[in-house]
Structure formats: C-alpha cells, structure tokens
Q: 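Before I ask anything, here is the structure I am working with.
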Amino acid sequence: MIPAAFEYHRPADMAGVIALLEEHGDDARVMAGGHSLIPMMKLRMAEIPHLIDLQDVAGLKGIAVAEGRVTLGAMVTQHELIQHQGLANTAPILREAALVIADPQVRYMGTVGGNVANGDPGNDMPGLMQCLDAEFTLVGPDGQRTVAARDFYEAAYMTEREDEEVLTAISFAAPSGGYAYEKQKRKIGDYATAAAAVILQKDGGTCAAASIAMTNLSDVPVWSDAAGEALTGTSVDAAAVSAAVQAVLDDIDPVEDNRGPVAFKRHVAGIILTRAIQRAWGRA
Amino acid sequence: MNDMTPDRDDRSANLKGMGCSRKRVEDVRFTQGKGNYVDDVKLPGMLHGDFVRSPYAHARIKSINTEAAMALDGVVAVLTAEDLAPLSLHWMPTLAGDKQMVLADGKVLFQGQEVAFVVARDRYVAADAVELVEVDYEELPVLVDPFEALQSDVVLREDLEPGADGAHGPRKHHNHIFLWEAGDEEATNQVLDEAEVVTEETMYYHRTHPCPLETCGSVASMDKVNGKLTLWGTFQAPHVVRTVASLLSGIEEHNIRVISPDIGGGFGNKVGVYPGYVCSIVASIVTGKPVKWIEDRMENLMSTAFARDYWMTGRISATKEGKITGLHCHVTADHGAFDACADPTKYPAGFMNICTGSYDIPVAYLGVDGVYTNKAPGGVSYRCSFRVTEAVYFIERMIEVLAIELNMDAAELRRINFIKKEQFPYTAALGWEYDSGDYHTAWDKALKTVEYDALRREQAERVEAFKRGETRKLMGIGLSFFTEIVGAGPVKNCDILGMGMFDSCEIRIHPTGSAIARLGTISQGQGHATTFAQILASETGIPADSITIEEGDTDTAPYGLGTYGSRSTPVAGAATALAGRKIRAKAQMIAAYLLEVHDDDVEFDVDRFVVKGAPERFKTMKDIAYAAYNQAIPGVEPGLEAVSYYDPPNMTYPFGAYVCVMDIDVDTGVPEIRRFYALDDCGTRINPMIIEGQVHGGLTEALAVALGQEIAYDDLGNVKTGTLMDFFLPTAWETPNYETDHTVTPSPHHPIGAKGVGESPHVGGVPCFSNAVQDAFRAFGLRHTQMPHDHWRIWKTANDLGLHG
C-alpha cells in the first residue's frame, strides 16, 4: 500500500493546470478529493508520475442556484452538497444520493467533480447526473466546452474528456416533480449492488415525464430512455412500473462480483427501481 | 471510634474493586491518539523490510533475481530462502507441530506467501525494490477444496516424507495432516442406528479472518556490542515468542528481550509466529541495524492467520419426545498450506470436542481430519477459545435441524436437553468436566424478557400475511444457548510448544501504599490495566487507582502464556488474586505486630486490618506498607512483595442465552436486526462496564461473520476478499443496538469465581444471527443454508424456496 514515487504539483489557477497537463501528457493526472485516485496509486494499479492537486485552483468551488439552474463547482464536496440549504430546496435528490455515498469522513473530502469525472461505474453521481440531464464543463488548451452527462461515459474509466482537459463544473436545470435515489449496498463504504435515480413529473393522475438512471449495473451509468417512456402517459400503475423495469433490464449488463451473480443483481435492480419509482411518484 | 473514619461502604467504593464499573485507565491515552504501538517504535538508523509475495497459489520457483532490487539506491539487503538456509531459518516450527517456510523454499503453496524480504533505508524504497525482484514461477495445479485435496495426486507438501506419521499420528494421504478423535464411535453409531429419530446435516463454517485494526508487525534490534536482541512486536504471547526466538536463533534466552507494546486488537491473529518476525530478526542480525516490518491491510488479510474453514457433518438422534440420545460429528478441516493452527499441543482441533454444547448427551463421537490445501495457513481462535465457535455453531445448528425434524419448538427442545443445575460438575460424553452452570434459569430469563411466545405468534402472523401477499418481509427468531470452555489451561494437559499454560502475577507494594503488578498476559484492548487492578484492590485493600498494571515486557514481567482464548481472567486473574492474598497474609502479620496482638486476632476489613471485636483499633494497608519498609519486625522479611504462578485445576465454562429478532427482505436479501438480547453468565463480574463493552464487541464480530465476513478464494487460489471493500468489517452503521443481561454462577474452582467473557458473545452470537436468518425461512421448508448470510445468499435461499414467484 505504498505508491510509487511521484511529483506533486499544486497550481493556483487553471492555466497552470493545463500547462502541466500539456507538459506531462499521459504521465499527469489531476486530483480532486483523491478518494479514488490515491488508493489506486497505493495499490500501484495507477502509476502517476505527476499528480496535480486541484484544491488551490481558483473558481472550482461553490454551489450556485439561480434562474432555474444549478451549477456545482467540480471541487464541491459531497458534504457540501448535503449541507447546502438552497440545493436541498431546489434539487433534494442530490442530498438523498450524497447521503448514501460512503461515510462522513469520505464525504468531507470526496468531490462531485471527481465522482463524475473518474468514470468509475460504481460511483453514484454519474447516474444521478444523467437522470438530471446535467452538462459537464470541460476546460482544456483549446478553451471550454460542454458535454451532456448522457454522452460522457464510454466505458469503465473511459470518458469523453481528453487527457489535457479538466472537468470544472456541472450544471443542470432545477428539477421538478417527484424524485428518489434508491441504493442497495452491503455496508457503509461499498459501491451499489444496484442503485436507481428517478425523477417523475405528475400532471393530474398521469406521469407527464420520467427520467431513470441506474448505477453499477453496467460498465457505464445507464440512463434508460425506454424506461422513462414506459412510465410517461401512464398512471404509474403496476403494469407501467413492470414495463419500466423490463426496459431497464434490457439496458443493463451487470457482471458477477462479490456482491453476487448476475441473476441476483438483475432481480435487485428491478426491485430497487420499483421502490424508487414508487417513492418518486409518492412525492410527485 | 474515630469520627473521621469513613463508613465501610465509602471505603469500599473508594477502592474501585471488583464489581465496580471503573472507567478504563487505558482510554486516556488511546482516545488522545497517545498509544504506543509497534509502528510507533522508531530507532536511530532503523531499516524497513517488505515482502515479495507470491501471486500464485501453487507454483515452483525456478529462479529469483535480486540484482535490480539490490541496485536501487537505499536497498541494503534482499533475503531469500537461500540466505536463511545456512542459519536453518528458512523453515520454522509451527505451534501445531508442523513446519512452515519462512521464505519460499523451491515452491510456493498459497497466494501471498513470503518469497523474499527486502531491507531498505525507508518504507518507500523497500516497496519500490519489491517490484524489482524478478521471480520466475512455474505454475502447478491448485487445490482449494479440501475434499478434492484428499483425492488428488497433486502433492502439496513435498518436504514431508511419504507415509510417515505427522505430529498427531498417521496420515491417510499425502495431503492429509491428522485424524483426531474423541468419544466412542461404535457406541455412538449403535445409538444412532437404533434411535427413534435421527437427522443429519452438513454445515460449512466458512474461512474468515480476525482482522484486528492494527496489522501485525515487529521491530528487531540486535545489539552486537552486548549481544542482546530486543524485539518489539504484535505478540499475544510475548514470553513464548522469547523462548521460540531463543530456540530458533541459538541466542541465549537471557539475551533476548521481547516487548509487546500497546496492541490494537488481536482476536487470535497475533498468537502465531510469522515469517515477518523471523525476517526482521535475521535482517537485524545481518545488517547490525534495527529492522522494522509492518504488514499492510491486504497482507494481513491474505497471509496472516485465518480462522474457521471447517466442514462439519453431524448426525443427531433423539426420542420422539425430543430427548437427545446421541451425537456424531465429523469435520474436514482445511488448514491451508502449513498446519499453523494455534492450539494447545495435544489438541490439533482445539476444543472442538465441546461440541455436545450445553446439552446432556449420553454418547457422542468427534472425528476431525486436517487437510492441506493451497490456502494461507492459520486456523486461529478468532475471538473464541480454541475452535469453540465452530463447536457451538455446529451444535446450535444441529439443535435447530433436529427441532425441524421433530416439528418442535427449538427453545423447548433446548430446555428439555439442558444439563441440569444439579448435574454440575458435569462430565460430558467427550470428556470435559463442566465446572458450574444454571442453564434453565438463564434460558427462562431470556425467553421471558424477549416475550418469546408473543414473538412466535407475531412470526406466525407474518408468515400468513406474507402468503396473502401483504408483506415481502419475513421474521426470524434466532436462538442460541452456548457453553464456552476457556481459561486454558491445566498444565497436565495444556501446553504450547511444551510450555505449560499457567499464568502469573508479581506484585510490589511501595512504601507509601501504592503498587505495581506485572502479569504474564498482554492486553490487546481487553482493559487489563483496569480490571486486574480491581482484583488487587479487593484482595489487598489498596485502591485500584493506586495500582499500576504492566504487561508485555519479558525483562520485567513474570513468565506467562499470554492472552487469547479468554484465558487472562481465568488464569492470570487467579494468579493475581492469589498473589494479592499472599500480600494480605504478610500484611496481617505486620498489622498484628503493629497492633501488638496475635496474628489471629486481626481481621481484614476492606482496606485495613482491625482487631477482632475492637474495630477502632486498626492499621490501614497504607500504614502496613510503610511499616514493611521502615520497621524491623521479628520473623518477618522487610518489603511487601508477592508472586504467584497459577496452574488452573480445570477450565472455566461461561455460558449464555441469546435471542435475535430479524426482519428479512425476501426480494433484496437484506436482513434488518430488530432486536438482540444477550444474557451472559461469566461467573463473578469484575467490571460490568468492561463486560458490556466486551459483549458489544464480540457480538459485532459475530454479526460480521454470520452476515458476510469471509476470506473467499477462486478456483485458482486467488483471494477474492483481500481489501476492506469486500471483507466485511462492520462500522457503527451496521451495528444494531444490543440489550445485555446476566446471571451469576461463579466458577467453584477459581479463586474469585470469575470465568472470562471476552469471547462468549462471539461464540454465542454467530449461531444466534445465523439461526435468525434460517428461522425466517423455516415455515417455507428450509432446513439449513450456509453462512455467511450476505444479501445474495439470503436472496438465493428465498429464490430456491420459490419465494420470488
């Protein structure tokens, strides 16, 4: 559990970060909270000759809620997500999700930017951001661009982000309707056996719109358009929920691990999704 | 009468003696981060060692190239078996009469096995150098299943002479270690064959690991000028380590000083001797510098001693009314690559022959076959006396299975088979003599407190509601009644490497009436500095706050066999009480002299000796201590010191009654513990607060083991649970609320009647949690399902029973 030697960089601004990334290419990685990267380095599964700590970089912190839009700096911690009152009013699903991530000590350090940028299929925020249809802001040598969360993930640890780019912010329209983040895990600190993020709009007794994303059931987060479609226009009755579950089961591709075999995970995915839909509908 | 004399109750309270929930004196430093652990030992010029470990479970080593590692700046040495061979230290004896490679000698037998030891300027260089050691392996067929190992042509231990006996008798196969038997098999089989009811079940008690918060480590410092070796380490038995180190190294025992500083939990993991200890010693001798070795978490889980891994097949017979008539148990015990179980020498399966449990079973038989496989060695008593948790899990599951077979309530089945109070001392069919017990009283109290009958009614209603589709949660009621066997043990039949399992205490009373006592045990969190001072306070009348307790330094403490198997209170606690009584006996003579009366005319009264019938004439222990050092008393040596070595006449047999109420989500496999009631009878209670803490800790480790904690291997012998992501170590979040209760049945042979408690909750807790899970499915036809009951296995149980529609 001793990492290989590395150079530690602590630039004060994005220009400094980009310059280091351009200089060192593949040999450099940025670090936000470090709760994924540092263990990988200690296990020597990741060798990072140049580690760029983002904590002194100006402009990466802060939560803004304005004009129906929420913007999160990449260095906002999970703890800050939980504590922020404006966010709790505007997008309470973030607090619900953040509270089931690891433990308080990890949440004091772990950041939302690191969580979405790392591309770890076990992380909770990527699925949630897909559910919210968030946009990620990437800054690189050629300036700034945005990528939809739903387009960001390619495979485990593989994303749309270029090596010289840094994910600096996350933004999404303030959600409306009912919400739920449901997660089954073996213990505190574990990744999900299955997790579901659900947001439902209710119009009278009918579901006007639905957004559903699943976590740790494929090598990327799974936003299931078909599952949302299955609920839209229905009264979210048993048949509709069952159709949504079936749609998700068609989209996920879990693998066996110590949490259990594929059949178990698929079954639990359906149960977790059903519970998330029911809770979200109850809040809609 | 002196009006200033506090009344008796106040004087007694002031002592903080036995029965007082005295706060733990150790916690002042622990809660401030001021403990002093092995890794806190930092010596000038100290070097750091790290292991090259085998990635394979079974492979031949064709070559080891250390050139690149040696070339790295800061690397001082790279040791291999070849370097240790001239000192005959490439192999070492195990506690179980086998031998074990210190560094791989020609082949590796389990993943994580020590292959080479790198010694470097600092921990970082050592880790870099490990990566540079090139080992050329040729993979060999891997055996991870003990049943397959007993059939296979693959010879794991090529070093053992084919056909020759092992340390415990004949070996039936080249991968067989021993067959250990107790009881009368023929008589047992006859009873079983003729019984009205007989049932059989095979249960696997999975491999797990004690996983103390502090991993194992050592610092060896060989002083070549004075020829003295000082060894700091995570040792649960420092004195035995000194003796073994002397026998192995040839250094005379007086030239070796072993120090166990603060230890961050042991649970059996720190009883054995590990290659890291040996390598740090050799490296210090070779380099002339102190050498530190500290395991990381993955190394600890992967290579230092595991626990359990018993396949247990039981047959139990009874009358139609449920009176048990016989018990047959066969165990296939997976010991891994080397037999390094930590048991008393004559007990290769520990005290597994306590497997008749708390029941009056007239005839029984136990046979245990030990088997070599390509897994890490170990087989330690993880928070239990030697193999007692296996025994208790076995009998408590057999009782449940028999209850199902008889269509009886499992609580009632237990009740009608308990050993009765008047039967104690009770000699069990497999030979142990239980010292004391009152099982019916404890059981009735437990069932009454939890309102057992109401729970069963609620459970039955839940089953009906489930069948009607109104709920997806089932309710399980877990019962367990356990009898522990602790306090090993009588020297006539218990030894470790030939050392009798007595223990010791040495007391010095200072002139001003305070004291220091040293013991042969070593606390790893048990609170010895608190509780042993309480025993002495009650025995000598010196306040516990004025008594320092020291353990763990072999240069100062008297010889003892250490702390494991809940033996500290039964053995060292007895030595402490008896040493205290020697102090008191001498104090009585001094008091009589000072009071100018005959010895027999004074009597002990809390903190003083008083003249019989004239309580206003007294000498306090403080007065007496001073007199011991400043007066010439005819016929009495100066000073006030005592030492006692205690050889227990018998084990002690703590017991308890536990009930767990659990709700199980059939669809996700998630269990939720609604209630856990634990009644413990550990005899005389020294510190109720510490007992409660011990019960909480033991139950939490029981919860872990029952509900998910395991060391799992794949078919190639790769450890699948090598980090705390997959190895379940419960936090406060997963830990339920515990209700504790007690009865008091003192041990008749122990000086203060205490029996030991540290491991009882684990021993009783594992079957209780497991029985709760299994009981939830009893109404749907489940007989038995294997631990650990993690979500997917519970889900699978429900699925196999057709509960998912």
Side-chain angles (χ1 to χ4, degrees), chain A residues 1-6 35-36 39-45 47 49 99-107 120 122 182-196 216 238 242 245 254 256-276 278, chain B residues 48 50 72 74 120 122-132 215 294-300 472 665-671 703-704 707-710 712 714 719-735 788 790-799 804-805:
Chain A
M1 306 291 264
I2 302 284
F6 58 89
H35 274 63
S36 299
M40 297 293 269
M41 290 169 69
K42 285 185 164 186
L43 291 168
R44 298 198 176 210
M45 291 166 81
E47 194 157 335
L99 278 169
V100 293
I101 294 174
D103 54 64
Q105 284 170 302
V106 170
R107 298 196 295 253
D120 185 336
E182 184 85 20
K183 180 179 183 180
Q184 180 169 342
K185 56 183 174 178
R186 295 172 297 179
K187 55 174 184 168
I188 285 292
D190 193 18
Y191 291 134
T193 302
N216 214 19
S242 172
V245 166
E256 177 167 347
D257 58 21
N258 286 332
R259 292 173 192 84
V262 171
F264 165 68
K265 288 190 170 182
R266 293 179 63 80
H267 189 262
V268 167
I271 298 293
I272 293 299
L273 175 58
T274 301
R275 289 177 186 176
Q278 285 164 349
Chain B
H48 296 258
D50 195 2
L72 187 68
D122 63 45
R123 187 70 187 79
Y124 290 83
V125 173
D128 288 344
V130 163
E131 303 250 299
L132 296 174
T215 59
I294 302 287
E295 266 181 338
D296 69 28
R297 178 63 58 195
M298 292 174 73
E299 290 177 301
N300 180 253
R472 294 296 293 163
D665 185 330
V666 170
D667 292 319
T668 59
V670 176
L703 167 111
L707 298 186
Q709 186 181 83
E710 64 175 323
D714 69 13
V719 179
K720 293 162 66 182
T721 51
T723 76
L724 296 185
M725 175 64 90
D726 286 309
F727 185 85
F728 176 36
L729 200 64
T731 67
W733 185 265
E734 290 86 10
T735 304
D790 57 4
H791 296 172
W792 95 259
R793 287 183 177 96
I794 292 177
W795 176 87
K796 183 174 185 302
T797 297
N799 202 52
H804 294 142

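To find a chain, count down the sequence lines: A is the first, B the second, and so on, and within it residues start at 1.
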Q: Of all of B:Asp128, B:Thr731, B:Leu707, which one pairs up most often with chain A through heavy atoms under 4.5 Å apart?
A: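 When all of B:Asp128, B:Thr731, B:Leu707 are compared, B:Asp128 has the most.
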Q: Keeping B:His791 on the side-chain end and A:Arg259 on the backbone end, is there a donor-acceptor pair under 3.5 Å?
A: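 No; judged by distance alone, with no hydrogens or angles, the pair does not exist.
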Q: With rounding to the nearest 0.5 Å, note down the distance linking CZ in B:Arg297 to CE in A:Met1.
A: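 With rounding to 0.5 Å, CZ (B:Arg297) is 9.0 Å from CE (A:Met1).
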Q: Would you check, one step at a time, whether the test side-chain contact (heavy atoms from CB on, under 4.5 Å) holds for B:Asp665 with A:Gln184?
A: CA-CA 12 Å; B:Asp665 185 330; A:Gln184 180 169 342; over 6 Å; no
Q: Report which part of A:Lys185 has an atom under 4.5 Å of a heavy atom belonging to chain B: side chain, backbone, both, or neither.
A: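 Just its backbone gets close to chain B.
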Q: Can you tell whether the side chains of B:Asp790 and A:Lys187 come within less than 4.0 Å, N to carboxylate O?
A: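 No.
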Q: Can you tell me how far CZ of A:Arg275 sits from CG of B:Asp667, rounded to the nearest 0.5 angstrom?
A: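 Reported to 0.5 Å precision, the distance equals 6.0 Å.
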Q: Between A:Arg186 and B:Met725, is there a donor-acceptor pair closer than 3.5 Å when you use the side chain of the first and the backbone of the second?
A: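 Checking the backbone N and O of B:Met725 against the side chain of A:Arg186, a donor-acceptor pair under 3.5 Å is found.
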Q: Rounded to the nearest 0.5 Å, what separates atom CH2 in B:Trp792 from atom CG in A:Asp257?
A: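 One gets 11.5 Å once the value is rounded to the nearest 0.5 Å.
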Q: Could you report the tightest heavy-atom contact between A:Ile2 and B:Ala127, atom names first, then the distance?
A: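 Scanning both residues, the minimum pair turns out to be CB-CB, 3.6 Å.
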Q: Within the structure provided, determine whether A:Arg44 and B:Val130 are in side-chain contact (heavy-atom separation under 4.5 Å).
A: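 A:Arg44 vs B:Val130: side chains apart.
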Q: Using a 4.5 angstrom heavy-atom cutoff, name the option from A:Ala263, A:Ala4, A:Pro261, A:Gly270 with the most pairs to chain B.
A: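 Of A:Ala263, A:Ala4, A:Pro261, A:Gly270, A:Pro261 has the most heavy-atom pairs under 4.5 Å with chain B.
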Q: At a 4.5 Å cut-off on heavy atoms, which part of B:Asn799 comes close to chain A: side chain, backbone, both, or neither?
A: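 Nothing of B:Asn799, per the 4.5 Å heavy-atom cut-off to chain A.
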Q: Run the salt bridge (charged side-chain N to carboxylate O under 4.0 Å, His left out) test against B:Asp296 and tell me which residues pass, sequence neighbours left out.
A: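 Salt bridge (charged side-chain N to carboxylate O under 4.0 Å, His left out) list for B:Asp296, sorted by chain: empty.
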Q: Is there a side-chain contact between B:Arg472 and A:Ile271, using heavy atoms and a 4.5 Å cut-off?
A: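 No. Closest side-chain heavy atoms not under 4.5 Å.
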Q: Using non-hydrogen atoms and a 4.5 Å limit, figure out which bit of B:Glu299 sits close to chain A: side chain, backbone, both or neither.
A: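 Contact with chain A: none, neither part.
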Q: Please look at B:Thr668 and chain A and tell me whether the side chain, the backbone, both or neither of the residue comes under 4.5 angstrom of a heavy atom of that chain.
A: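 Both backbone and side chain of B:Thr668 come within 4.5 Å of chain A.
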